[in-house]
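A, B, ... follow the sequence lines: proteins, then strands. Residue 1 opens every chain.
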Protein chains: 2
Amino acid sequence: MQLDHVFGALSDPTRRAIVMRLCDGEASVGELAKPFEMALPSLMKHIRILESSGLVASEKTGRVRTCSLQTEALATVEVWLAAQREIWEQRLDRLEMYVEKLKKEEKANVRKRRSK
Amino acid sequence: MQLDHVFGALSDPTRRAIVMRLCDGEASVGELAKPFEMALPSLMKHIRILESSGLVASEKTGRVRTCSLQTEALATVEVWLAAQREIWEQRLDRLEMYVEKLKKEEKANVRKRRSK
DNA sequence: GCTATAGTTAGCTTTATGGCTAACCAATCA
DNA sequence: TGATTGGTTAGCCATAAAGCTAACTATAGC
């Protein structure tokens, strides 16, 4: 599973809607297609993309294909984002500490200057 | 800030690399360009895309443009993902409870059958 | 003021994306 | 077995994406 494909898959509103729909449980291709004013083959493409991204799995029994969500992929993306934000926030913290240090030094300087 | 654009922006490896680089602090366009074997205008396009997605901000002073990360956008995506996963997991929980219920009933049935 | 540096604009190419229709296959169901 | 339903394949089109080069603008440094 690659971030590229997962982010790519989620960048389309139709596909995000499908993911949201699948959060409520499995669905057949036809069921997924209903809310959209879109030809079946077009929707199938989206499903394929979701599948190749690892976000969705599907299985065909008889003539109906049932799709379901694969949460591991969602989790992977969450982890990546959280990691980035963490690094960033650590940096902000350091910066903040540095600023605090500067402020204290400045206060000290002010006191010094006053006492001169 | 729209999910479409943020996910779209993050679906490209070059742009994710830029985001990761900016986690370590601000950088000029030139600095950002260095690690990539890519013409400047191409890289600039990526920066524009990151900017229009709200992930990155930039300001030009003199002749250098300095770019920085806007964490709110990252946070927004995280929230969306977490929400989806939560719904999904709640559903799994309900399903699990249902399965447990079924198991208990089955056990009860077995006991009944034995006592017959 | 000339030159080098840092971006920017314009315009081109190639490939990918998102949509369509029409025709097709394979299970159900009457 | 013939019609209907559910999905699939193939192939087309328009637009967007990702890259390039070449030429341009505007600051900084000498």
Side-chain angles (χ1 to χ4, degrees), chain A residues 1-22 25-69 73 77, chain B residues 1-22 24-70 73 77:
Chain A
M1 208 261 334
Q2 292 197 2
L3 278 177
D4 275 46
H5 296 129
V6 182
F7 278 122
L10 290 175
S11 69
D12 182 276
T14 303
R15 291 193 292 263
R16 276 207 311 288
I18 293 175
V19 167
M20 290 167 83
R21 169 58 248 280
L22 289 179
E26 303 188 331
S28 70
V29 171
E31 281 169 343
L32 288 176
K34 264 180 205 162
F36 301 100
E37 289 181 3
M38 194 183 286
L40 247 195
S42 312
L43 199 109
M44 276 298 295
K45 266 195 195 173
H46 287 300
I47 293 177
R48 290 272 161 69
I49 291 170
L50 285 167
E51 276 198 86
S52 73
S53 80
L55 280 165
V56 163
S58 76
E59 208 183 351
K60 196 164 181 179
T61 37
R63 64 185 167 174
V64 356
R65 174 174 299 279
T66 307
C67 304
S68 63
L69 204 61
V77 187
Chain B
M1 210 266 330
Q2 291 196 2
L3 278 176
D4 275 45
H5 296 130
V6 183
F7 278 121
L10 291 174
S11 70
D12 182 275
T14 302
R15 291 194 291 263
R16 275 206 312 287
I18 294 175
V19 167
M20 289 168 85
R21 169 57 248 277
L22 289 178
D24 293 338
E26 303 189 331
S28 70
V29 172
E31 281 170 342
L32 289 175
K34 263 179 204 164
F36 300 101
E37 290 181 2
M38 192 182 287
L40 247 195
S42 312
L43 199 109
M44 276 299 294
K45 266 195 195 172
H46 286 299
I47 293 177
R48 291 270 160 69
I49 291 171
L50 285 168
E51 276 198 85
S52 72
S53 79
L55 280 164
V56 163
S58 77
E59 207 183 352
K60 196 166 180 176
T61 36
R63 65 184 167 175
V64 354
R65 173 175 300 280
T66 307
C67 304
S68 63
L69 205 60
Q70 302 290 99
V77 187

Nearest heavy atom decides the nucleotide; on that basis, is A/T61 or B/V29 closer to the 5' end of DNA chain C?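 Of the two residues, B/V29 wins.
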
Using heavy atoms to find the nearest nucleotide of DNA chain C for A/E37 and A/G62 separately, return the residue whose nucleotide is more 5′.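 Residue closer to the 5' terminus by nearest nucleotide: A/E37.
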
Counting heavy atoms from C-beta on, name the nucleotide in [options] closest to the side chain of [X].
X: A/S42; options: C/dG19, D/dT8, D/dA18; result: C/dG19
X: B/T14; options: D/dA18, C/dG18, D/dG19; result: D/dG19
X: B/P41; options: D/dT8, C/dA10, D/dG19; result: C/dA10
X: B/R48; options: D/dT8, C/dT9, C/dC20; result: C/dT9
X: B/K60; options: C/dT8, D/dG7, C/dC20; result: C/dT8
X: B/D12; options: D/dG7, C/dT8, D/dA18; result: D/dA18

To the nearest 0.5 Å, tell me how far [X] [atom1] sits from [Y] [atom2].
X: A/L3; Y: B/S11; atom1: CG; atom2: OG; answer: 11.0 Å
X: B/L55; Y: B/L22; atom1: CG; atom2: CG; answer: 10.0 Å
X: A/E51; Y: A/R65; atom1: CD; atom2: CZ; answer: 6.0 Å

Does A/L10 offer a backbone N or O that forms a donor-acceptor pair with the side chain of A/R16 under 3.5 Å?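 Flag set: sc A/R16 to bb A/L10 pair under 3.5 Å.
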
So, OP1 or OP2 of C/dT17: does either fall under 4.0 Å of a side-chain N or O from A/H46?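 Negative; the distance criterion is not met.
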
Looking at the base of C/dA27, is there any donor atom on it, or on the side chain of A/R63, that sits under 3.5 Å from an acceptor on the other one?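 Present.
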
I'd like to know if A/K45 reaches the base of C/dG19 with its side chain such that a donor and an acceptor end up less than 3.5 angstrom apart.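 It does, because a donor-acceptor pair links the side chain of A/K45 to the base of C/dG19 below 3.5 Å.
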
Roughly, in whole Å, what's the span from [atom1] in [X] to [atom2] in [N]?
X: B/D4; N: C/dT17; atom1: CG; atom2: P; answer: 16 Å
X: A/M44; N: C/dC24; atom1: CE; atom2: C1'; answer: 14 Å
X: B/I47; N: C/dT9; atom1: CD1; atom2: C1'; answer: 15 Å
X: A/L40; N: D/dT9; atom1: CG; atom2: P; answer: 13 Å

Heavy-atom check, side chain of B/V56 versus side chain of B/Q70, under 4.5 Å: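 B/V56 vs B/Q70: side chains apart.
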
